[in-house]
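Residue numbers start from 1 in every chain, and the chains themselves are labelled A, B, ... in the order their sequence lines are given, proteins ahead of strands.
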Amino acid sequence: MGGFIARESEKFERFSEWFDNVLLTARIADNRYPVKGFIVYLENGWFVIERVRRRLEELLEEDGHLPMYYPIVATLENFSREAEHIKGFMGEVFAVGKLRLGGEDEAQQEAPLILRPTSETIMYPMFALWITNHSDLPLKVHQSCAVYRYETKATRALYRVREIPWNEGHTAHATGEEAEEQLKKAVEIYRKVLDELGIAYLTLRRPDFDKFAGAEYSIAFDAWNPDGKVNQVATVHNLGTNFSRVFGIEFEKREGGKGYVWQLCYGFGYSRVLAAIIAQHGDDLGPIFPPWVAPIQVVIVPIPYKGREAEVYGYAERVYELLRGGYRVKLDEREDMTPGEKYYYWERRGVPLRVEVGPRDVEKNAVVLVRRDTGEKFSVPIERLREEVARVLEDITRSLAERARGKLSEQIVDVKSLEEGARSIEEGKICRVSWCGREECALSLRNSLGAEVRGYRYDIEERSDKPCTVCGSQGRTYLYVARAF
RNA sequence: GGGGCCGUGGUCGAGCAUGGUCUAAGAUGCCUGGCUUGGGCCCAGGAGGUCGUGGGUUCAAAUCCCACCGGCCCCA
């Protein structure tokens, strides 16, 4: 009773083609919408995003974040207040105004509005109204919404889009220390969701030249991708008082006197997380969804031998009833398709577990379970069905995560020279290089390796006892360098 | 910001160099009927394309030229 052998050469050798194919056949997204950078999320893709969204929001709200919804537009004036912020984003904002049919010359006259590329400049004027006293702090809010960035480069379904579905959290605190504490909590929440999805990533502190526009510093989560590019799925920024000063978010301190609030903002990209799920867990056949986000968790495929249809279908129905309350389960009774076709059909749609029921199973009072991730098949007596399904789904969750972590560590290579680094980047690796801590060395790395300096580890302290790969002086830590989306 | 490549039914893709034989091959997917059913079987029938859009050259354009839209790659 052999299952199939999971293969993933397509995914690693021709990632783009594989990915685009999977999006469509697994009904995740359709990128044929005729406006550059905008895609349609199909039922399976959106289902996964919704599951992830609910889980993330649940954790944020447990931590005291208030759910709110802010407008999609800002005035150019507000948007321009924080100097660094506007410098970072100005090249990619959508301007909006009234559509004037026929009268082109008027278009410029009205003060333009902008579509949020992120919501700091939309939320913070309101924060200034709400916060007057230390008792108003901390203020923690979140919203799931879409932000808009006018990407001029090539766009890419889910990875680099112009309409970005995400969750953004924004907090205001009385002290810098309190803000730091909250930053750790935010990192922890993001970590938890990503870990539950089995996504493998690096938690990096970005180099100063690559921090969020207007932030003191930025922490980012970079997930690995089969083609070697890293996929930034989430970020957490410490804004210090940069924004509260320009938006006038002042409060009366407990000890007397006035102060500006200390702020954080953080974002979690739903479409990129979806991309990471597909890219990291998928194989040549298509996606493999972690059970808790899978649109269908268990599919039942009857095998109706001629003359025994009634008993097989009846039995399949029983199996369906047994599982229905506990799982998202589908009984595939289509009669114009062979079981083999159905196997492929559901595998390509990422269903993590299949139950086969045929005459043999009817006789034995058993079913055959087949794992989507390994192809492994085994027979289970029907009395143990529910507990076995639970066990196997859990095991799939665990082993997807393990495999993804394994791939991440395979993709990271220690390089001792710039030439070796450049070569490794070509091969689609993430390079780990000893670094002295000076910005000019980091910048020089970017040029000589032909890839982005993603930063140094935030989750653990990595001390380097080797010389800096660029200048040769005493190394302090390790920088991670990789191509990025 | 600079340079290059590409766009043909839902998807993939032949045809484009050297315009006419294109009433556009093939595969897959989809629909109908039959046969099968423990990995995509087989047989028969069917729907689906103003060749990205607009303009130009020409007796004649999927094929040549221009612009736009969309997709991809490389370099800064």
- Item | C1' spacing across the pair B:rC22 / B:rG49, given as an integer number of angstrom | 12 Å
Review point. With rounding to whole Å, what would you report as the distance between B:rA67 and B:rA27 at their P atoms?
Key: 39 Å
To the nearest angstrom, the CZ-C1' distance between A:R334 and B:rC30 comes to 13 Å
What's the gap between B:rG7 and B:rA17 when it is taken at their P atoms, as a whole Å value? 13 Å
Do the side chain of A:R156 and the base of B:rG71 come within less than 3.5 angstrom through a donor-acceptor pair of N or O atoms? no
Checklist entry - Using the C1' atom in both, what is the distance from B:rA25 to B:rU8, to the nearest Å? => result 12 Å
By nearest-heavy-atom nucleotide on RNA chain B, the more 5' of A:Y33 and A:R483 is A:Y33
Separation of B:rG70 atom P from A:E151 atom CD, nearest Å, is 14 Å
inquiry  = Looking at A:K364 and A:D361, is any side-chain nitrogen of the basic one under 4.0 Å from a carboxylate oxygen of the acidic one?
reply    = no
Judged by nearest nucleotide, the residue sitting upstream toward the 5' end of RNA chain B, A:N21 or A:E426, is A:N21
Partner of B:rG70 under the Watson-Crick or G-U wobble criteria, both distances under 3.5 Å, comes out as B:rC6
For atom P, what is the distance between B:rG20 and B:rA61, given to the nearest Å? 11 Å
How far does the P atom of B:rG1 sit from the matching atom of B:rC16, given to the nearest Å? 37 Å
* If you look at every strand shown and take non-hydrogen atoms under 4.0 Å, does A:R446 touch a base, only sugar-phosphate, or nothing? -> nothing
Check ion pair A:R308-A:E311 (N to O, under 4.0 angstrom): yes
Would you call A:E347 and A:R354 a salt bridge, using N to O less than 4.0 angstrom?
yes
Between CZ of A:F38 and C1' of B:rG71 the distance, given in whole Å, is 16 Å
- Message: Check A:R162 with A:E92, please: is the shortest side-chain N to carboxylate O separation under 4.0 Å?
- Response: no
query = Can you find a donor-acceptor N/O pair under 3.5 angstrom joining the side chain of A:D361 to the base of B:rG38?
reply = yes
Expressed as a whole number of Å, how far does the P atom of B:rC51 sit from that of B:rC30?
-> 27 Å
Margin query: Is it true that A:R476 and A:S434 share a donor-acceptor pair across their side chains at a distance under 3.5 Å?
Written below: no
| request: Classify the nucleic acid contact of A:E356 as base, sugar-phosphate or nothing, counting any heavy atom under 4.0 Å across all strands shown. | output: base
To the nearest angstrom, the CD-P distance between A:E335 and B:rC31 comes to 15 Å
When rounded to the nearest 0.5 Å, the distance separating CG of A:L393 from CZ of A:R372 is 14.0 Å
| query | Can you tell me if the side-chain N/O atoms of A:T338 get under 4.0 Å from OP1 or OP2 in B:rG39? | reply | no
Sorted by chain and number, sequence neighbours left out, ring pair (Phe, Tyr, Trp, His ring centres under 6.0 Å) with A:Y33 holds for none
For the aromatic rings, using the six-membered ring if either is Trp, is the centroid distance between A:F212 and A:F89 under 6.0 Å? yes
Taking B:rU37, B:rC72, B:rG39 as options, the one with an atom nearest any side-chain atom of A:I303 is B:rU37
All N/O contacts under 3.5 Å from nucleotides 3-10 of chain B to the protein, with atom names and distances to one decimal?
{"from": "B:rG10", "atom 1": "O3'", "to": "A:R32", "atom 2": "NH1", "distance (Å)": "2.4"}
{"from": "B:rG10", "atom 1": "O2'", "to": "A:R32", "atom 2": "NH1", "distance (Å)": "3.2"}

note: A:E347, atom CD; B:rG40, atom C1'; distance rounded to Å ~ 10 Å
Taken to the nearest whole Å, CD/A:E341 to P/B:rG39 is 12 Å
Which atoms of nucleotides 48-52 of chain B (N or O only) lie under 3.5 Å from a protein N or O atom, and what are those distances?
none

Across every strand shown, the nucleotide meeting Watson-Crick or G-U wobble geometry with B:rC64 (both distances under 3.5 Å) is B:rG56
I'd like to check, for A:Y344, whether its ring lies over the base of B:rG40 with centroids under 5.5 Å apart and a plane angle smaller than 30°.
yes
For a quick check under 3.5 Å, do A:Y480 and A:R457 share a side-chain donor-acceptor pair by atom type?
yes
Scan A:T25 against the nucleic acid and name what it touches under 4.0 Å (heavy atoms): base, sugar-phosphate only, or nothing. nothing
Ignoring hydrogens and angles, state whether a donor on the side chain of A:D373 or A:S399 is under 3.5 Å from an acceptor on the partner side chain. yes
A:W346 CH2 to B:rG39 C1', in whole Å, measures 16 Å
**Message:** Tell me if the aromatic rings of A:Y159 and A:F19 count as close, with their centers under 6.0 Å from one another.
**Reply:** yes
Between B:rU63 and B:rU58 - P atom distance, rounded Å
16 Å
Exercise for review: Please check if any side-chain donor atom of A:S144 sits under 3.5 Å from a side-chain acceptor atom of A:N167, or the reverse.
Suggested key: yes
Q.
With a cut-off of less than 4.0 Å, is there a side-chain N or O of A:K36 near OP1 or OP2 of B:rG71?
A. yes
By the Watson-Crick or G-U definition, both distances under 3.5 Å, B:rG1 is matched with B:rC75
Item to complete: Identify whether any heavy atom of A:P304 sits under 4.0 Å from a base atom; if not, whether one sits that close to sugar-phosphate; answer base, sugar-phosphate or nothing.
Response: base
| request: Would you indicate what A:G37 reaches in the nucleic acid, counting non-hydrogen atoms under 4.0 angstrom: base, sugar-phosphate, or nothing? | output: sugar-phosphate
*Using only side-chain N and O atoms of A:K306, determine if any of them is under 4.0 Å from OP1 or OP2 of B:rU37.*
no
Between CG of A:D332 and P of B:rU37 the distance, given in whole Å, is 18 Å
